[in-house]
Asks: 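One structure coming up, written as structure tokens, with questions to follow.
These numbers come from the heavy atoms of this one structure, side chains and all, not from hydrogens, waters or symmetry mates.
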Number of protein chains: 2
Amino acid sequence: MNTLPKSQQKRDALVKATIRLVNNNGFHATPMSKIAKMAEVSPGTIYLYFKNKQDLVNQVYIEVKAAFSEFAFRDYKEDLTVKEGFKNIWKNIAEFKLKEFEEAMFLSQCDNTPIIDEPSRQEGLKHLQPLLDLLERGQKEGIIKPVSPYMLYAFSIYPIAFFMNMQERAIFKLTRENIEEAYEMAWNSIKV
Amino acid sequence: MNTLPKSQQKRDALVKATIRLVNNNGFHATPMSKIAKMAEVSPGTIYLYFKNKQDLVNQVYIEVKAAFSEFAFRDYKEDLTVKEGFKNIWKNIAEFKLKEFEEAMFLSQCDNTPIIDEPSRQEGLKHLQPLLDLLERGQKEGIIKPVSPYMLYAFSIYPIAFFMNMQERAIFKLTRENIEEAYEMAWNSIKV
DNA sequence: TTAAAATGAATGAACGTTCATTTTTCATAG
DNA sequence: CTATGAAAAATGAACGTTCATTCATTTTAA
């Protein structure tokens, strides 16, 4: 047997329940009692792992964000070309947002509401750095447009979030083919 | 004197207060009592204009969305070329998101959380139609890439929302020059 | 004078958090 | 291997607060 310690299992269950309930109801409309019930734990137990409700959502945010960038940069190597590196990262981000749907939707909600406090937000922003570095390298090599990295991000990576939102409402779904199409548009928008 | 009737003034004050407070605290963390206080109205008065809290936020959403598309398409004429028409609309949307900041942030929060109910959401989506029509016309003329309109939207319009978010956190600010730059990238990403 | 608009205290439900109690864990003794 | 008991983990009923909503009363408008 190689299971996690019980306490870790409970914490994980609480994190998972928080993600799911916040996605469905919003943070302030999900009571601690419901989080506890979904995690099959007593309400009091939450306070063994988290200081309070705000601390709970902050911790979940930071952990999901870390999992996201772990996934995004999992196969990143310094010795890849800028083009290869960007393609890997872009595809990873797209895969995460479309497959790890609940986690991605949770991040999107946190990034667009005041439920996360500013320190945790800052913490989350750090994870973008490797991508910004790569883009900068591309600019030095004359491969990437010489504009603000935020501009590059907005036109190449940010659109993926739109697809995620559309997918939730079943309005538009990225298939294998138009993922390729989308990637080409992304690269196109930043390459010189 | 050409003022609005008193009752309309109160309703307007309530709508304004809702936008501001929801932006700062999130919907479920803004009590009706605070909305009333900011609007300088009694809590009971809210229920003369809105059925309940959900109805309040739904109505505000729909009205702000309508104001947004009114602004976006204000100078749209059928006889403009696709390129001219797109440029007008793009610039209007950018202007709205950066100048009518509170309204735009409110929409962003509604579009990324479960606070709005599905019928109101559908209602809000309709407003995009003129843009989709224009893009389709462009595709027929062979000017616009023959891909899903959602793909075109994601890469040309959606990035503006990112700039708005960055502006709020004072991380990156669109200036007159890089608005031009951004527009060029947007057009570039959809033109054939 | 009367109808409409507005008020704000009152109500009851729901929530976050606490803490006295119970259950589980586990090192050690028998 | 089993029994023991103390420490750690978990429980859930209870508490105090906050909130959305109501409605008897007052104010305003015409």
Side-chain angles (χ1 to χ4, degrees), chain A residues 1-61 106 109-110 113-117 120, chain B residues 1-61 106 109-110 113-117 120:
Chain A
M1 291 285 279
N2 193 6
T3 51
L4 290 168
K6 262 244 176 81
S7 68
Q8 195 56 46
Q9 283 179 36
K10 298 206 176 183
R11 215 196 91 109
D12 280 1
L14 285 167
V15 169
K16 258 204 151 44
T18 301
I19 293 170
R20 176 158 305 166
L21 289 168
V22 169
N23 276 344
N24 291 336
N25 313 324
F27 180 63
H28 291 287
T30 63
M32 297 296 255
S33 56
K34 267 195 198 157
I35 296 175
K37 192 164 285 176
M38 180 173 279
E40 293 181 301
V41 137
S42 144
T45 303
I46 300 180
Y47 295 85
L48 299 177
Y49 298 95
F50 307 96
K51 199 149 55 69
N52 51 40
K53 204 182 175 189
Q54 183 65 57
D55 181 51
L56 167 61
V57 73
N58 286 343
Q59 286 199 38
V60 173
Y61 174 75
F106 179 81
Q109 187 169 168
C110 291
T113 61
I115 65 182
I116 295 295
D117 61 22
S120 303
Chain B
M1 289 287 279
N2 193 5
T3 51
L4 290 168
K6 261 246 176 81
S7 66
Q8 195 55 48
Q9 285 179 36
K10 297 206 179 185
R11 215 196 91 109
D12 280 0
L14 285 166
V15 168
K16 260 204 149 46
T18 301
I19 292 170
R20 177 159 304 166
L21 288 169
V22 169
N23 277 343
N24 291 336
N25 313 323
F27 180 62
H28 292 286
T30 63
M32 297 297 255
S33 57
K34 267 195 199 158
I35 296 175
K37 192 164 286 177
M38 181 172 280
E40 293 180 301
V41 136
S42 145
T45 304
I46 301 180
Y47 294 85
L48 300 176
Y49 298 96
F50 306 96
K51 199 151 53 68
N52 51 41
K53 204 181 174 189
Q54 184 64 57
D55 181 51
L56 166 62
V57 74
N58 286 343
Q59 286 199 39
V60 174
Y61 175 76
F106 178 81
Q109 186 168 169
C110 291
T113 60
I115 64 182
I116 295 295
D117 61 21
S120 304

Asks: Using whole Å, report how far CG of Leu48(A) lies from C1' of dG16(C).
Replies: 15 Å

Asks: Report the distance from atom CD1 of Ile35(A) to atom C1' of dT17(C), rounded to the nearest whole Å.
Replies: 13 Å

Asks: Please set out all donor-acceptor pairs under 3.5 angstrom arising from side-chain atoms of residues 40-47 of chain B, sequence neighbours excluded.
Replies:
unit_1   : atom_1 : unit_2   : atom_2 : d
Ser42(B) : OG     : Gly44(B) : N      : 3.2
Thr45(B) : OG1    : Ser42(B) : O      : 3.4

Asks: For dA6(C), does OP1 or OP2 lie under 4.0 Å from any side-chain N or O of Ser42(B)?
Replies: no

Asks: Under the side-chain contact (heavy atoms from CB on, under 4.5 Å) test, which residues partner Gln54(B), sequence neighbours left out?
Replies: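 In terms of side-chain contact (heavy atoms from CB on, under 4.5 Å), with neighbours along the sequence ignored, Gln54(B) is linked to Asn52(B), Val57(B), Asn58(B), Asp117(B).
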
Asks: Could I get the full list of side-chain contact (heavy atoms from CB on, under 4.5 Å) partners for Lys16(A), not counting sequence neighbours?
Replies: none

Asks: Using atom CD of Gln9(B) as one end and atom P of dA6(C) as the other, report the distance to the nearest whole Å.
Replies: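 Result: 10 Å.
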
Asks: What integer distance in Å separates Asp55(A):CG from dG16(C):P?
Replies: 15 Å

Asks: Gln59(B): which residues meet the side chain to side chain donor-acceptor pair (under 3.5 Å) condition with it, sequence neighbours left out?
Replies: Arg11(B), Asp55(B)

Asks: May I ask you to test the Lys10(A)-Leu48(A) pair for a side-chain heavy-atom distance under 4.5 Å?
Replies: no

Asks: If only side-chain N and O atoms of Lys10(A) are considered, is one of them under 4.0 Å from the OP1 or OP2 phosphate oxygen of dA10(D)?
Replies: yes

Asks: For Leu14(A) and dA9(D), give me the distance from atom CG to atom P, rounded to whole Å.
Replies: 15 Å

Asks: Report the distance from atom CD of Gln8(B) to atom P of dA4(C), rounded to the nearest whole Å.
Replies: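 Value for this atom pair: 19 Å.
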
Asks: Could you list the residues that satisfy side-chain contact (heavy atoms from CB on, under 4.5 Å) with Asn25(A), not counting sequence neighbours?
Replies: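 Partners of Asn25(A) by the side-chain contact (heavy atoms from CB on, under 4.5 Å) criterion, ordered by chain and then number, come out as Leu21(A), Ala29(A), Thr30(A).
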
Asks: Nearest whole Å is fine: how far is dT7(C) P from Ile46(B) CD1?
Replies: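 Interatomic distance, CD1 of Ile46(B) to P of dT7(C): 10 Å.
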
Asks: If the sugar-phosphate is the primed atoms plus P, OP1 and OP2 and the base is the rest, what is the B/S/- string for nucleotides 18-23 of chain D, using protein heavy atoms under 4.0 Å?
Replies: -SSBB-

Asks: To the nearest Å, give me how far apart CZ (Arg11(B)) and P (dA5(C)) are.
Replies: 14 Å

